[in-house]
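See structure below.
Predicted model, so just to flag it, every value in this text is computed and none were measured. Numbering starts at 1 and runs along the sequence shown.
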Amino acid sequence: MKEKVKEIMSELGFIINEVVENVYTFECEQLHCLLMFNSNDEKYVQFCVPYLLERNEIDDADFNKLMEHLNSELKYVKCYELGNALSIFYERYIDSEIGLDKVIKHIINWIAYGALEARKQIRDIKNEKSEDD
């Protein structure tokens with residue numbers, strides 16, 4: 001399945017670069033993204049926009065509140081703390097090649113939307129804190 005996903009990504013115009021085994025980078029809507037496959041199960045795929053916000057850029061309470069808000073409000077996309085930074089993920093088990101191009105487009109749209117919404121929320125938090133000062 002990994003090769004088919006990579007093929008569809010290329011057909012959609014994305015340039016896929018391997019970083020390490022089963023981890024690839026690509027650019028989407030001015031976002032640096034990762035495409036990752038599980039070495040034990042190539043039908044399981046993760047798309048990620050890493051490091052949208054370093055934990056030390058805002059208060060811990062605001063960081064945790066932001067993650068909670070995004071995880072409760074966004075469909076399909078979930079936030080995790082990865083290396084002391086907020087990253088968003090879309091994880092999916094792909095069991096069929098039928099309609100896979102539509103599935104990949106759906107994932108790309110949601111990961112881009114999730115990143116935009118996260119950045120909007122981050123901007124709002126930072127603006128609110130600067131107004132408090």
Side-chain angles (χ1 to χ4, degrees):
M1 193 62 69
K2 176 170 73 171
E3 294 307 317
K4 186 65 177 173
V5 170
K6 288 170 40 185
E7 177 185 319
I8 290 172
M9 293 288 291
S10 293
E11 289 172 2
L12 292 172
F14 296 104
I15 299 169
I16 306 297
N17 297 304
E18 187 171 19
V19 179
V20 294
E21 185 177 359
N22 292 319
V23 178
Y24 302 84
T25 62
F26 66 97
E27 301 294 322
C28 174
E29 302 291 329
Q30 299 178 345
L31 296 169
H32 177 72
C33 302
L34 299 174
L35 169 62
M36 299 172 286
F37 295 92
N38 185 310
S39 59
N40 297 324
D41 186 353
E42 286 190 4
K43 290 185 177 183
Y44 180 77
V45 64
Q46 291 179 307
F47 286 75
C48 173
V49 179
Y51 306 110
L52 287 170
L53 175 72
E54 295 286 332
R55 181 173 272 284
N56 64 4
E57 291 182 49
I58 60 175
D59 297 337
D60 280 346
D62 287 333
F63 188 92
N64 295 334
K65 183 178 171 184
L66 172 64
M67 284 186 58
E68 181 180 318
H69 171 78
L70 293 171
N71 281 332
S72 66
E73 294 296 320
L74 293 176
K75 295 179 183 174
Y76 309 111
V77 176
K78 296 299 169 205
C79 298
Y80 298 105
E81 186 175 351
L82 180 67
N84 288 325
L86 180 126
S87 299
I88 60 169
F89 286 81
Y90 189 120
E91 304 169 331
R92 177 104 183 216
Y93 183 80
I94 300 173
D95 59 352
S96 173
E97 291 184 13
I98 298 171
L100 187 56
D101 57 333
K102 290 180 184 176
V103 169
I104 299 298
K105 288 176 188 176
H106 172 84
I107 292 170
I108 297 295
N109 286 337
W110 274 100
I111 199 89
Y113 173 75
L116 290 174
E117 183 60 24
R119 285 184 171 168
K120 178 187 174 292
Q121 294 296 322
I122 291 164
R123 185 183 61 245
D124 290 350
I125 289 169
K126 287 182 175 182
N127 286 342
E128 183 178 293
K129 289 298 178 185
S130 68
E131 290 173 5
D132 291 344
D133 292 337

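Every residue meeting the salt bridge (charged side-chain N to carboxylate O under 4.0 Å, His left out) condition with Arg55, not counting sequence neighbours, appears here in chain and number order: Asp60, Glu81. Under the side chain to side chain donor-acceptor pair (under 3.5 Å) criterion, Glu54 pairs with no residue at all, not counting sequence neighbours.
Summarising the geometry, atom CG belonging to Leu31 is positioned 5.0 Å from atom CZ belonging to Arg119; distances are rounded to the nearest 0.5 Å.
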query = Between Phe47 and Cys33, does a side-chain contact (heavy atoms from CB on, under 4.5 Å) hold up when you go through it step by step?
reply = CA-CA 7 Å; Phe47 286 75; Cys33 302; over 6 Å; no
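Between Trp110 and Tyr90, the distance from one ring center to the other does not fall under 6.0 angstrom.
Here the side chains of Ser39 and Glu21 are not in contact, with every heavy-atom distance at 4.5 Å or above. No side-chain heavy atom of Glu11 sits less than 4.5 Å from a side-chain heavy atom of Asp101.
Closest non-hydrogen pair, Ile88 versus Val77, comes out as CB-CG1, 3.7 Å.
Comment: Glu3 engages Lys6 in a salt bridge, judged by a side-chain N to carboxylate O separation of less than 4.0 angstrom. Ion pairing between Lys78 and Glu91 fails under the 4.0 Å rule for side-chain N and carboxylate O.
Among the candidates Ile108, Ile15, Asn17, Leu12, the single residue satisfying the side chain to side chain contact (heavy atoms under 4.5 Å, CB included) test with Phe26 is Ile108.
At least one donor-acceptor pair under 3.5 Å links the side chain of Ser87 to the backbone N or O of Tyr51.
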